[in-house]
There are 2 protein chains.
Amino acid sequence: MASVTSLPHPEMSEVRLTDVLFALSDPARLEIVRELAGGPLSMAECGTFNPALPKSTKSHLFKVLREAGVVRNEPQGRGRVLHLRRDELDRAFPGLLDSVLAAE
Amino acid sequence: MASVTSLPHPEMSEVRLTDVLFALSDPARLEIVRELAGGPLSMAECGTFNPALPKSTKSHLFKVLREAGVVRNEPQGRGRVLHLRRDELDRAFPGLLDSVLAAE
DNA sequence: AGGATTGTTCAAGTATTATCGAACCATGGC
DNA sequence: GCCATGGTTCGATAATACTTGAACAATCCT
């Protein structure tokens, strides 16, 4: 019943630009997105920029990104793999991610 | 002394990407930016998407945009003119505004 | 099965943001 | 000078968002 294993992800058609912008507007979340731009990572591998971050806090950061449609969070083994929904975002908001990731 | 006439604007060099993204992440502020993309407007002309908006609220929306470096607010006659800092933003964050404004 | 590992969710406290009326300020025109 | 116009700032309240420990869930491994 409502296993936590598979988390809900919005369809890209119902993702709003403002929600994506909001998700990216936090430095910690943006940093996570930058890390994920290099390829999928487990949650443990991700967020190394701040190793002291409690796992509940980290989980919350990913939740915001996931609910905004920026990131996909899927179970793998005993952990989870995160990846940027890059192709989908590029289709929905052409150039957005490129420009954000290009900014120093 | 500290006349309100001329409001402080950040140098583009000290504008942070996350602040810009945050400023754009609110639907009302984003709508204002869309209106300003067509050219400078007085505050009265701007924000017509919600005519019932109190002027203090509207002023606050502009303040957030101004402090994030998105908009310039300058006195003109008895009122004020607002304009998007488009060229500067394009230089600092190439493609960002384009992609945001292009999104439907 | 039991324990270790990896996260998620809940709840509570804190902090940041939004909203809007009222007071205030500057300018233009009479 | 005085008043109307156009907008900012202040102050209070409401609404969101962030942070974190503790409890819980799923999986792997022996």
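Lettering of chains follows the sequences in order, A, B, ..., and the numbering in each one begins at 1. Here the structure is a predicted model, which means the values were calculated and not measured.
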Check your understanding: So is B:Arg29 actually on top of B:Phe22's ring, under 6.0 Å and inside 45° of the axis?
Key -> yes
Check your understanding: Think B:Thr5 has a side-chain N or O under 4.0 angstrom from the OP1 or OP2 of C:dA26?
Key -> no
Review point. Whole Å only: how far is the CD atom of A:Glu67 from the C1' atom of D:dC18?
Key: 14 Å
Point to revise | Rounded interatomic separation in angstrom, taking CG from A:Leu7 and P from C:dG7 | key: 12 Å
Check your understanding: For D:dT8, does either OP1 or OP2 sit under 4.0 Å from a side-chain N or O belonging to B:Ser59?
Key -> yes
Check your understanding: Does A:Arg29 have a side-chain nitrogen or oxygen under 4.0 Å from the phosphate oxygens OP1 or OP2 of D:dC18?
Key -> yes
Point to revise | Interatomic distance where CZ belongs to B:Phe62 and C1' belongs to D:dG7 [whole Å] | key: 11 Å
Please list, for nucleotides 3-6 of chain D, all pairs of protein and nucleotide N/O atoms separated by less than 3.5 Å.
none

**Study point:** side-chain hydrogen bond (donor to acceptor under 3.5 Å, both in side chains) partners for B:Asn73, two or more places apart
**Key:** B:Arg80
**Study point:** Closest-nucleotide ordering on DNA chain D, the 5'-leading residue of B:Thr57 and A:Asp26
**Key:** B:Thr57
Check your understanding: Are B:Arg86 and B:Asp98 ion-paired here, with the side-chain N under 4.0 Å from a carboxylate O?
Key -> yes
Review point. From D:dT8, D:dT20, C:dT9, pick the nucleotide closest to the side chain of A:Leu53?
Key: D:dT20
Review point. CG/A:Leu21 to CZ/A:Phe93 distance, rounded to the nearest 0.5 angstrom?
Key: 8.0 Å
**Study point:** Main-chain N/O of B:Glu11 paired with B:Glu14 side-chain donor or acceptor, under 3.5 Å
**Key:** yes
Check your understanding: When the distance from CG of B:Leu61 to C1' of C:dC20 is rounded to whole Å, what number comes out?
Key -> 12 Å
Point to revise | d(CG, A:Leu65; C1', D:dA17) in whole Å | key: 14 Å
Study note, to complete from the structure: Smallest heavy-atom separation, B:Glu45 atom then B:Glu35 atom, equals O-OE1, 4.4 Å
Exercise for review: Give the rounded distance in Å between these two atoms: NZ of A:Lys63 and P of D:dC18.
Suggested key: 11 Å
Exercise for review: Would you mind reading off the distance between A:Asn73 atom CG and C:dT6 atom P, rounded to a whole angstrom?
Suggested key: 15 Å
Exercise for review: In whole angstrom, give the distance that lies between atom CD of A:Gln76 and atom C1' of C:dT8.
Suggested key: 18 Å
**Study point:** Nearest atoms (heavy-atom pairs only) where A:Ala92 meets A:Met12
**Key:** CB-CG, 3.8 Å
